[in-house]
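Note that this is a predicted model, so its numbers are computed, not measured. All chains are named by letter (A, B, ...) in the order of the sequence lines, taking the proteins before the strands, and each is independently numbered beginning at 1.
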Amino acid sequence: KDEARKMLTDADIAHNMAGIRKVFEKFLSFGNGPTDAVMVNNADWLDKLQYIDFLRDYGRHFSVNRMLTFESVKLRLEREQPLSFLEFNYMILQAYDFLELARRHGCTIQMGGSDQWGNILNGVELGRRVDNRELFALTTPLVTLASGAKMGKSAQGAVWLNADKLSPWDYWQFWRNTEDADVGRFLRLFTELPLDEIAKLEALKDAEINEAKKVLANEAARLLHGDAAAQESAETARRTFEEGGTADNLPTVTVPGAELSAGIPAYALFVRAGLATSNGEARRLIKGGGGKVNDAAIGENDAIGTAHLRDGAIKLTAGKKRHVLIRAA
RNA sequence: GGAGGGGUGGCCGAGCGGUCAAUGGCAGCAGACUGUAAAUCUGCCCUCUUCGGAGUUCGUAGGUUCAAAUCCUACCCCCUCCA
């Protein structure tokens with residue numbers, strides 16, 4: 001990270017921990033068994049640190065000369081951006097965390113993105129110097145797209161693993177929209193399919209590669225959100241994109257029946273649906289031909305109401321991929 | 001503490017009294033082309049709008065001026081060097 005971290009309150013931290021645990025629960029089992037995962041809070045040991053003792057016992061093992069050579073630090077200095085002492089200490093604390101984890105839980109390997117390489121090695125070295133422990137680091141390259149961009153940007157922003165940040169449907173869509181050139185690699189990285197099967201999928205050419213993308217979306221969504229959610233998303237996608245119809249499971253926003261009877265201007269409805277963040281944006285979207293009601297162009301000021309209900313819902317579309325159903329509450 | 005440089009829209013970065021809601025690039029959104037792909041081209045990209053305009057922006061607060069992102073003062077914050 002090369003930008004200042006935000007200070008978090010205790011409540012923020014507790015909230016974040018709960019969120020992190022919820023995500024990891026999908027992939028790990030927490031418990032007391034020999035192979036179960038344990039979630040710990042480094043405040044358990046960091047809060048008790050005595051400054052002078054810490055400096056004397058651990059601080060002496062860190063050379064500022066060396067810390068200044070770290071990429072994250074160098075970047076900040078080169079750009080003449082601020083780097084507080086608090087942040088400068090982050091790598092020391094991370095190293096100490098590794099040591100504490102080794103002492104308390106017999107943890108011997110730390111994994112992370114390649115940007116963590118230096119930080120993790122600091123811990124490895126600290127373990128050797130202080131406890132004569134042998135610790136290990138394992139890092140993976142940050143995943144980039146074939147086009148060179150960093151992965152993780154979707155139409156709505158970041159790709160979140162929490163369902164309340166990014167719905168299973170949007171998560172499925174994210175994978176479905178993978179670039180051709182990334183499909184094989186992503187199947188290997190993000191699914192548990194056998195490699196020979198992936199090789200076959202990857203060999204698909206042109207429009208056929210879409211089948212591979214569906215498999216990728218299904219598998220990735222299944223791992224995170226479960227079978228049911230994955231299948232539902234696949235079915236919703238099939239009906240929406242392949243049949244051009246209206247699937248019941250598209251994201252839905254409800255509006256009080258009375259308001260709908262009275263009629264709501266189209267631009268306002270797009271804002272309500274979350275398809276635009278301001279009235280002006282909604283207007284521009286519709287004017288530019290990117291906003292549709294029940295798959296048909298409309299005027300941005302047209303009143304949308306009960307007359308537009310089809311099977312109990314009004315389908316709003318922004319662009320080709322974002323659809324929202326409006327239902328009366 | 002002293003000297004110098006600087007804080008501009010999500011980010012980078014021009015502007016340095018009026019023609020500035022503010023060049024350009026990136027990111028984002030939409031249209032065309034397609035395969036829910038990429039690349040490319042086009043449009044949009046502060047808020048509101050009865051589409052004529054209106055209102056709020058250029059660290060914060062004051063001031064000068066007919067007019068300020070641009071000048072002055074104070075304050076806050078950042079960077080560099082000196083102590």
Side-chain angles (χ1 to χ4, degrees), chain A residues 1-4 6-7 68 73-88 144-159 169-187 201-218 220-221 233-247 250-251 265-268 270-271 273-293 295 297-303 315-324:
Chain A
K1 276 219 105 165
D2 62 353
E3 59 187 50
K6 266 187 298 186
M7 291 293 255
L68 289 174
V73 173
K74 243 167 50 184
L75 213 56
R76 291 275 280 273
L77 296 178
E78 276 165 16
R79 289 189 190 166
E80 302 196 335
Q81 283 170 343
L83 174 66
S84 71
F85 186 61
L86 171 71
E87 295 170 283
F88 190 53
T144 52
L145 303 181
S147 55
K150 265 192 211 154
M151 186 188 172
K153 287 291 205 176
S154 76
Q156 279 76 34
V159 179
W169 161 248
D170 285 323
Y171 188 73
W172 193 94
Q173 281 294 313
F174 170 75
W175 294 107
R176 176 62 244 267
N177 285 309
T178 298
E179 297 176 26
D180 289 5
D182 287 323
V183 172
R185 197 159 49 99
F186 283 5
L187 279 166
L201 288 168
E202 191 180 21
L204 294 171
K205 284 278 179 287
D206 300 323
E208 302 221 311
I209 193 117
N210 281 323
E211 293 309 312
K213 292 184 191 182
K214 286 180 203 168
V215 173
L216 172 62
N218 285 340
S233 296
E235 175 61 11
T236 300
R238 195 184 62 75
R239 289 181 57 181
T240 305
F241 292 102
E242 292 180 24
E243 296 179 1
T246 302
L250 285 171
Y267 71 86
F270 272 80
V271 174
L275 292 172
T277 54
S278 71
N279 291 344
E281 187 182 313
R283 283 194 160 95
R284 287 189 296 265
L285 176 73
I286 297 170
K287 270 189 203 166
K292 291 180 182 159
V293 172
D295 299 312
I298 31 90
E300 72 263 28
N301 292 318
D302 291 358
K315 182 187 187 186
L316 299 190
T317 304
K320 292 192 182 70
K321 300 182 188 173
R322 293 145 69 213
H323 306 277
V324 169

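No engagement by A276(A) is indicated, since no non-hydrogen atom pair under 4.0 Å with the nucleic acid exists. E242(A) comes within contact range of no nucleotide atom at all, as no heavy-atom separation falls under 4.0 Å. Using a 4.0 Å heavy-atom cutoff across all strands shown, T178(A) reaches sugar-phosphate atoms only and no base atom. Across all strands shown, W175(A) has no heavy atoms under 4.0 Å from either base or sugar-phosphate atoms.
With sequence neighbours excluded, the residues that form a salt bridge (charged side-chain N to carboxylate O under 4.0 Å, His left out) with D182(A) are R185(A).
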Start with the C-alpha distance between E281(A) and S278(A), add both sets of side-chain angles, then the distance that settles side chain to side chain donor-acceptor pair (under 3.5 Å), and finish with yes or no. CA-CA 5 Å; E281(A) 187 182 313; S278(A) 71; 4.6 Å; no
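Here K205(A) does not reach the OP1 or OP2 of A37(B): none of its side-chain N or O atoms lies under 4.0 Å away. At least one side-chain nitrogen or oxygen of R322(A) sits closer than 4.0 Å to the OP1 or OP2 atom of A30(B). Phosphate contact (OP1/OP2 of C48(B), side-chain N/O of Y267(A), threshold under 4.0 Å): absent.
Looking only at side-chain heavy atoms (C-beta outward), V159(A) and W175(A) stay at 4.5 Å or farther from each other. Side chains of L204(A) and E211(A) form a contact here, defined as non-hydrogen atoms less than 4.5 Å apart. Taking the side chain as every heavy atom from C-beta outward, R176(A) and N210(A) approach each other to under 4.5 Å. Counting only heavy atoms from C-beta outward, the side chains of L250(A) and V324(A) never approach each other to under 4.5 Å.
Nucleotides G24(B) and A14(B) place their C1' atoms 7 Å apart, quoted to the nearest Å. Distance check on atom P: G4(B) versus C75(B) gives 15 Å, rounded to whole Å. Separation of the P atoms belonging to G62(B) and C79(B) is 28 Å when rounded to the nearest angstrom. Comparing the same atom, P, in C72(B) and in G7(B) gives a spacing of 14 Å after rounding to whole Å. Taking atom C1' in both G53(B) and U42(B), the straight-line distance is 27 Å, to the nearest Å. Nucleotides A37(B) and U56(B) place their C1' atoms 42 Å apart, quoted to the nearest Å. For the C1' atom pair drawn from G55(B) and U40(B), the interatomic distance equals 39 Å after rounding to whole Å. Comparing the P positions of C58(B) and G63(B) gives an interatomic distance of 16 Å, to the nearest angstrom.
Across the strands present, G62(B) finds its partner in C72(B); the criterion is a Watson-Crick or G-U wobble pair with both atom distances under 3.5 angstrom. In a base pair of the Watson-Crick type (N1 to N3 plus N6-O4 or O6-N4) or a G-U wobble (N1-O2 and O6-N3), with each distance short of 3.5 Å, C20(B) is matched with no nucleotide. Look at C29(B): its Watson-Crick or wobble partner, with both distances under 3.5 angstrom, is G43(B). Both distances falling under 3.5 Å, in either a Watson-Crick or a G-U wobble arrangement, place G4(B) opposite C79(B).
Rounding to the nearest 0.5 Å gives a distance of 11.5 Å between CD of E202(A) and CG of D180(A).
Looking at which nucleotide of RNA chain B each of R176(A) and G289(A) is closest to, the 5′-most match is held by G289(A).
Near RNA chain B, defined here as any heavy-atom distance below 4.0 Å, the residues from residues 277-286 of chain A are S278(A), N279(A), G280(A), R283(A), R284(A), L285(A), listed numerically.
The distance from atom NZ of K321(A) to atom P of A38(B) is 6 Å, rounded to the nearest whole Å. Here U36(B) presents its P atom at 9 Å from CZ of F241(A), a figure rounded to the nearest Å. The distance from atom NZ of K214(A) to atom P of U36(B) is 9 Å, rounded to the nearest whole Å. Distance K320(A) NZ to A37(B) P: 8 Å, rounded to the nearest Å. E208(A) has its CD atom 13 Å from the P atom of G35(B), to the nearest Å. Taking atom CG on D180(A) and atom P on U36(B), their separation rounds to 11 Å, with Å as the unit. Between the CZ atom of F85(A) and the C1' atom of C78(B) there is a distance of 19 Å, given to the nearest Å. Here the P atom of nucleotide A37(B) and the CG atom of L216(A) are 15 Å apart, to the nearest Å.
More than 12 heavy atoms of other residues, nucleotides or ligands sit less than 6.0 Å from atom NZ of K315(A).
Applying side-chain hydrogen bond (donor to acceptor under 3.5 Å, both in side chains) to W172(A) and the options N218(A), T236(A), N177(A) leaves one that passes, N218(A).
With its glycosidic angle within 90° of 0, G52(B) adopts the syn conformation.
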